[in-house]
S.K.: 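Let me give you the structure first, and then I'll get to my questions.
Bear in mind that the values here come from a model prediction, so they are computed numbers and not experimental data.
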2 protein chains.
Amino acid sequence: MATLKDIGAELGLSVATVSRALNGFPEVNIKTRDKVREAAERLGYRPNRVAQRLVTGRSGMVGMIIKIRADMSADQTFFEMLTGLTAALAARDVDLVLAVDQDDDPVLPYRKLMERDILDGFILNAPVPDDPRVVFLQEKRIPFVMHGQTGPDADYACYGIDNAGVSEDAVKLLTSLGHKRIALLNGQSRYAYAVDRRSGFLNAMTAQGLNVPQAFLCSDAETEMQGYTHALAMLSGQNGPRPTAFICASTLIAAGVMQAAKDRGLQVPGDVSVIAHDDALPLMRAVNFEPALTVTRAPLRDACVPLANLLIDHVAGAPAEQKMDRAELIVRASTGPVPNEETDPWP
Amino acid sequence: MATLKDIGAELGLSVATVSRALNGFPEVNIKTRDKVREAAERLGYRPNRVAQRLVTGRSGMVGMIIKIRADMSADQTFFEMLTGLTAALAARDVDLVLAVDQDDDPVLPYRKLMERDILDGFILNAPVPDDPRVVFLQEKRIPFVMHGQTGPDADYACYGIDNAGVSEDAVKLLTSLGHKRIALLNGQSRYAYAVDRRSGFLNAMTAQGLNVPQAFLCSDAETEMQGYTHALAMLSGQNGPRPTAFICASTLIAAGVMQAAKDRGLQVPGDVSVIAHDDALPLMRAVNFEPALTVTRAPLRDACVPLANLLIDHVAGAPAEQKMDRAELIVRASTGPVPNEETDPWP
DNA sequence: TTAAAAATTCAAAACGTTTTAATTCTAGGT
DNA sequence: ACCTAGAATTAAAACGTTTTGAATTTTTAA
């Protein structure tokens, strides 16, 4: 394996010049730079990462800790993130080291991995309000980036979508179609994103002058089953009037809702409208629904590049940046005007 | 962060002695060794891995490539392995770098990751006969260890269980209970383990002087569904006599078989015996079956330490070792004597 | 008491890179 | 021809460890 020294010897140059030439420093003559690059190419030079890391003081590795849940849907999102993140990190010469969280203490695996002293920082996901991991990492001054955020006004690096906005867009679409009795099938309430979706939903409804009974709100694991059972209960009409529209936390939930409507003999979107948030996971594609699903769409995969860059820059000394994107509203066939006989909000 | 130099300065020793003392070299005076260790402890010394790696020429990282399948059961085994491997590797100061295989070419991700020039070796799993990855890595002289093996007489580092023996044990148990019509619900035939299970099964049956009709053999993805549908077909008796016992590639398949028996109004083990191979995954526990499942048991988790050690030693220069363990036969309540009226093999 | 042997310790090189400070070279102005 | 500014290059230090070969100290044997 060729080294800087080899290239220097080949061309009669010092390693310093060779190093600078390859790194594109301005003070090196353009002709020597080209010569060096040609020689590097010819000799098959590839920088020794370990040596680079020794001198720069950074390891070029970031960690991610996976929280394993019995719920399989989590695995899906994990693989999606893993795929995107390894690619995005590799593009900047950073590697991803994985560890598994099997403990009760959410902070322990971070501490353990940090003690091994090889990581430049962490990528966190699935934030909860007042996340203890954030407290720990900030206190220890360990760089990290969060996918999503624990709450408004985060003072750490994070990237995510506007979850309140997700609900807001959904409510606006549905109310513009005349819906007044709208239910929210939310994700687990311990997660920050579910909290944001809920408050965004309630605020948007209030802004429209609409009431939301407790029976129209539920929080549960993002499974087809939860969509099915909760929707079935709401559509039974036993706890008061039935909703005319559902906002679902995920396409998986929406699948359950559609099944529930079908089993009740209701048409989508004729009798019931359904809108979901879509992470664009490969397995549960919203376009393949029958009818095609109206969604707020924010591919999980798209978060990977910003996350990787945010973290790498932060590790390199850039200030912690907060970025937030708005999900895209895609109106398909699962939403329609409110049925005529249901225009009265609470008959 | 304290370095060897700091400790040396503290005690008036050279870095060489300090290094040797901490690494337990025999030529260092036991009193100085203790002094050094005490000082290291007191100053909170932790070796700089990057520096170690620079001088030893090894990166201390091994790679693993995940092949993502739509079949969710694979994720389960993956997480199980990931958990065990990260722990086993960490115990020897090695980190696991993950990448995802999304391509058709099974070799490409290995080549890509190797080009990044940071890995000491690979951990491979799910071998197929004449695995192209093995050919590639051997040709490039890249160290690796295989979980399982591509065939008999592997000439590379590998660890796994005796899959022919798994079938053999199952056949022996069932024939000792009087069963003669035994079916094998195998995993996908492209995998080496399934090939071994099949040949072990056929050999053991032949050794007992028993015939196996084609209808009693099937190979498919390891899902509850495949267990259910194949068992149901066999138990219908439309393709000849019904099997009195099933050997299942996994507990997931066994779950399907039990359901099929139930739906046909058959008792387990009164009418049909069921035995499965058990990877000891947390979600589908054989003891919790009703009746509790008889299994050949080899926890996937147990493979992690041998795999990690085999690879690390091999990277350090030890010859590639092949190890194979025998699965444990655990007789529970799902196997019993053949029903009286079925003692005739082919009525 | 002394030479040889054994046990410790040390200085220095090595790993391959980046970066600082110093040096050489070139061109421009007098 | 001489000085100077700027451009281009270099030598050397640094990162923190391991390891080689030499040097020192201690122990053993004569």
Side-chain angles (χ1 to χ4, degrees), chain A residues 1-37 39-40 43-61 92-95 116-120 315-317, chain B residues 1-37 39-40 43-61 92-95 116-120 315-317:
Chain A
M1 181 96 303
T3 68
L4 290 184
K5 210 200 258 181
D6 298 333
I7 299 178
E10 177 89 2
L11 300 173
L13 288 170
S14 72
V15 286
T17 307
V18 175
S19 169
R20 276 194 261 262
L22 290 173
N23 289 316
F25 278 49
E27 64 261 40
V28 49
N29 190 319
I30 192 147
K31 274 171 62 182
T32 43
R33 196 198 64 191
D34 291 345
K35 270 197 303 186
V36 168
R37 296 222 165 133
L43 299 176
Y45 170 79
R46 282 215 303 288
N48 180 322
R49 309 249 171 252
V50 177
Q52 284 181 323
R53 287 161 189 188
L54 178 61
V55 70
T56 58
R58 285 193 285 277
S59 73
M61 294 194 271
R92 297 196 58 182
D93 262 333
V94 170
D95 302 295
R116 298 196 15 68
D117 225 21
I118 46 156
L119 296 185
D120 293 336
V315 165
Chain B
M1 182 97 304
T3 69
L4 291 183
K5 208 199 261 183
D6 298 333
I7 300 178
E10 177 91 1
L11 300 171
L13 289 170
S14 71
V15 285
T17 307
V18 175
S19 169
R20 278 194 260 263
L22 290 174
N23 290 318
F25 278 49
E27 65 261 39
V28 51
N29 190 320
I30 192 150
K31 274 170 63 182
T32 44
R33 196 199 63 189
D34 291 346
K35 269 196 303 184
V36 168
R37 296 221 165 137
L43 299 176
Y45 169 79
R46 283 214 303 288
N48 181 323
R49 307 251 171 251
V50 177
Q52 285 180 322
R53 288 163 188 187
L54 177 61
V55 70
T56 59
R58 284 192 284 279
S59 73
M61 294 194 270
R92 297 195 60 183
D93 262 334
V94 171
D95 301 294
R116 297 198 15 67
D117 223 21
I118 47 157
L119 296 184
D120 293 335
V315 165

S.K.: Going by atom type alone, with no hydrogens or angles, which donor-acceptor pairs under 3.5 Å involve a side-chain atom of residues 25-37 of chain B and a protein atom two or more places apart or on another chain?
M.R.:
| unit_1 | atom_1 | unit_2 | atom_2 | d |
| --- | --- | --- | --- | --- |
| B:N29 | OD1 | B:K31 | N | 2.8 |
| B:T32 | OG1 | B:N29 | O | 2.7 |
| B:R37 | NH2 | B:A21 | O | 3.3 |

S.K.: Hey, is the main chain of B:Q52 close enough, under 3.5 Å, to the side chain of B:T56 for a donor-acceptor pair?
M.R.: yes
S.K.: What pairs with A:R49 under salt bridge (Lys or Arg N to Asp or Glu O under 4.0 Å), at least two apart in sequence or on another chain?
M.R.: A:D93
S.K.: Residues of residues 26-36 of chain A with any non-hydrogen atom less than 4.0 angstrom from an atom of DNA chain C: list those, numerically ordered, please.
M.R.: none
S.K.: Who are the side-chain contact (heavy atoms from CB on, under 4.5 Å) partners of A:S14, not counting sequence neighbours?
M.R.: A:A16, A:T17
S.K.: Whole-Å distance between C:dA12 P and B:K5 NZ?
M.R.: 14 Å
S.K.: For DNA chain D, find the residues of residues 43-60 of chain A with a heavy-atom distance under 4.0 Å and give them by number; none if there aren't any.
M.R.: A:L54, A:V55
S.K.: With a 4.5 Å cut-off on side-chain heavy atoms, are B:L22 and B:L4 touching?
M.R.: yes
S.K.: Could you tell me if the side chain of A:M61 sits less than 4.5 Å from the side chain of B:M61, heavy atoms only?
M.R.: yes
S.K.: Considering residues at least two apart in sequence or located in another chain, which fulfil the side chain to side chain donor-acceptor pair (under 3.5 Å) criterion with A:D120?
M.R.: A:S59
S.K.: My understanding is that only residues two or more places apart in sequence, or in another chain, count here; which of them pass side chain to side chain donor-acceptor pair (under 3.5 Å) with A:R46?
M.R.: none
S.K.: Taking the side chain as everything from C-beta on, heavy atoms only, tell me whether A:D95 gets closer than 4.5 Å to B:D95.
M.R.: no
S.K.: Give, ordered by number, those residues of residues 8-19 of chain B having at least one heavy-atom distance below 4.0 Å to an atom of DNA chain D; if nothing qualifies, reply none.
M.R.: B:A16, B:S19
S.K.: Run the side-chain contact (heavy atoms from CB on, under 4.5 Å) test against B:A2 and tell me which residues pass, sequence neighbours left out.
M.R.: B:D6, B:L43, B:Y45
S.K.: The helix from C:dT1-D:dA30 to C:dT30-D:dA1: angle between its terminal axes, five pairs each, to 10°?
M.R.: 60°
S.K.: Along DNA chain D, 5' to 3', what are the outermost nucleotides having an atom less than 4.0 Å from a heavy atom of chain A?
M.R.: D:dA8 to D:dG16
S.K.: To the nearest 0.5 Å, what is the distance between OG on A:S19 and CD1 on A:I7?
M.R.: 10.0 Å
